[in-house]
Amino acid sequence: AQSVTQLDSHVSVSEGTPVLLRCNYSSSYSPSLFWYVQHPNKGLQLLLKYTSAATLVKGINGFEAEFKKSETSFHLTKPSAHMSDAAEYFCVVSDDKIIFGKGTRLHILP
Amino acid sequence: DAGVIQSPRHEVTEMGQEVTLRCKPISGHNSLFWYRQTMMRGLELLIYFNNNVPIDDSGMPEDRFSAKMPNASFSTLKIQPSEPRDSAVYFCASSFAYGEHYGYTFGSGTRLTVV
């Protein structure tokens, strides 16, 4: 059975410092993996997706994620946080079902 | 394209009333999903359609919930009768194909409050 685990429910970083949001998954097959962002009172927006091409995936707003099969991870990173990055981030795994992680709320400290 | 359009944005209703949420998917997308989001349970998939046909409704909480997709450009989620525990944000999403690497485009959601 597939599953997705976001290891941190909250992450706080200072503006201008790197961001790391962690995601581990389990899947019987080669899954598709996604990161979505949800700003307050908004819908979810696709940040990036991995679909068995390049393992390092670049998304919007300077985010990227690396698929590591040996570690079953798909962590989301950004070199330098901006205040506008404050939001909730969801890791999603999709093979025969679509499973959302519980979300990680990113706080940016001035 | 205007994206996935949901209406209403906010709905406040009294317990026992019928509630209908509406969704217009992106033109050309053939998969449509209804999700519910609460603080306690996060995002839950309620039902999804492929080519207007309900494929998996195992996430629908109970018989009070029903969903239809009469054509490729419109879907409804109905709750009858509504209860306070149904209060949540309901999202509709559409995709070019189910689960197949395309990602999903979400609407802005309907915030439902049942009092």
Side-chain angles (χ1 to χ4, degrees), chain A residues 1-10 21 23 25 27-55 57-60 63 65 67 74 76 87-105, chain B residues 1-11 21-26 29 31-50 55-60 88-113:
Chain A
Q2 63 180 37
S3 66
V4 59
T5 303
Q6 292 183 243
L7 294 134
D8 306 294
S9 58
H10 293 265
L21 305 183
C23 173
Y25 71 93
S27 175
S28 302
Y29 310 103
S30 296
S32 296
L33 294 158
F34 308 82
W35 275 98
Y36 284 83
V37 60
Q38 185 179 28
H39 286 93
N41 300 313
K42 301 282 189 190
L44 285 85
Q45 180 185 17
L46 180 65
L47 265 182
L48 50 80
K49 60 185 178 187
Y50 165 78
T51 58
S52 75
T55 56
V57 182
K58 293 190 185 299
I60 62 172
F63 283 94
F67 173 70
F74 190 58
L76 181 70
E88 187 147 22
Y89 292 79
F90 294 91
C91 182
V92 179
V93 61
S94 172
D95 53 35
D96 65 330
K97 275 188 180 286
I98 304 161
I99 306 290
F100 276 76
K102 297 276 188 213
T104 299
R105 189 166 293 279
Chain B
D1 197 321
V4 176
I5 299 172
Q6 289 187 247
S7 64
R9 288 296 306 274
H10 301 273
E11 176 82 35
L21 312 181
R22 297 174 176 79
C23 175
K24 177 176 166 45
I26 288 177
H29 282 189
S31 293
L32 182 140
F33 310 80
W34 282 101
Y35 283 89
R36 177 172 68 177
Q37 186 178 38
T38 61
M39 290 290 290
M40 292 294 291
R41 296 212 285 263
L43 269 163
E44 302 172 276
L45 177 64
L46 301 177
I47 184 171
Y48 83 90
F49 296 84
N50 195 46
I55 303 299
D56 183 356
D57 66 354
S58 59
M60 296 285 261
V89 181
Y90 290 81
F91 287 104
C92 176
S94 71
S95 171
F96 182 69
Y98 173 68
E100 274 300 319
H101 321 309
Y102 296 99
Y104 317 99
T105 301
F106 282 80
S108 297
T110 295
R111 182 174 295 277
L112 173 65
T113 304

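What you see is a predicted model, and the numbers here were worked out from it, not measured in a lab. We name chains A, B, ... by the order of the sequence lines, and we start the count at 1 in each one. Heavy atoms only: backbone and side chains are in, while hydrogens, waters and symmetry mates are out.
With a 4.5 angstrom heavy-atom cutoff, B:Gln6 does not touch chain A via any of its atoms. Only the backbone of A:Lys42 comes within less than 4.5 Å of a heavy atom in chain B; its side chain stays farther off. Residue contact with chain B, scored on non-hydrogen atoms closer than 4.5 Å, involves the side chain of A:Gln38 exclusively. For a residue to count as touching a neighbouring chain, one of its non-hydrogen atoms must lie under 4.5 Å from one of that chain's; by this rule B:Ser58 touches chain A with the side chain only.
A distance of 8.5 Å separates CD in A:Glu88 from CG in B:Leu43, rounded to the nearest 0.5 Å. Separation of atoms CG (A:Asn41) and CZ (B:Arg9) is listed at 8.5 Å; rounding is to 0.5 Å. The OH atom of B:Tyr35 sits 4.0 Å away from atom CZ of A:Phe100, with the distance rounded to the nearest 0.5 Å.
Between A:Tyr36 and B:Phe106, the angle of the ring planes goes over 60°, which puts this pair in the perpendicular group of the 30/60° scheme.
Applying the ring-ring contact (aromatic ring centres under 6.0 Å, His included) rule to B:Tyr90 yields no partners; only residues at least two apart in sequence or on another chain are considered. Scanning for side chain to side chain donor-acceptor pair (under 3.5 Å) contacts around B:Glu44 gives B:Arg36, B:Arg41, with sequence neighbours left out.
Contact detail for A:Gly43 and B:Phe91: the closest heavy-atom pair is CA-CE2, 3.4 Å.
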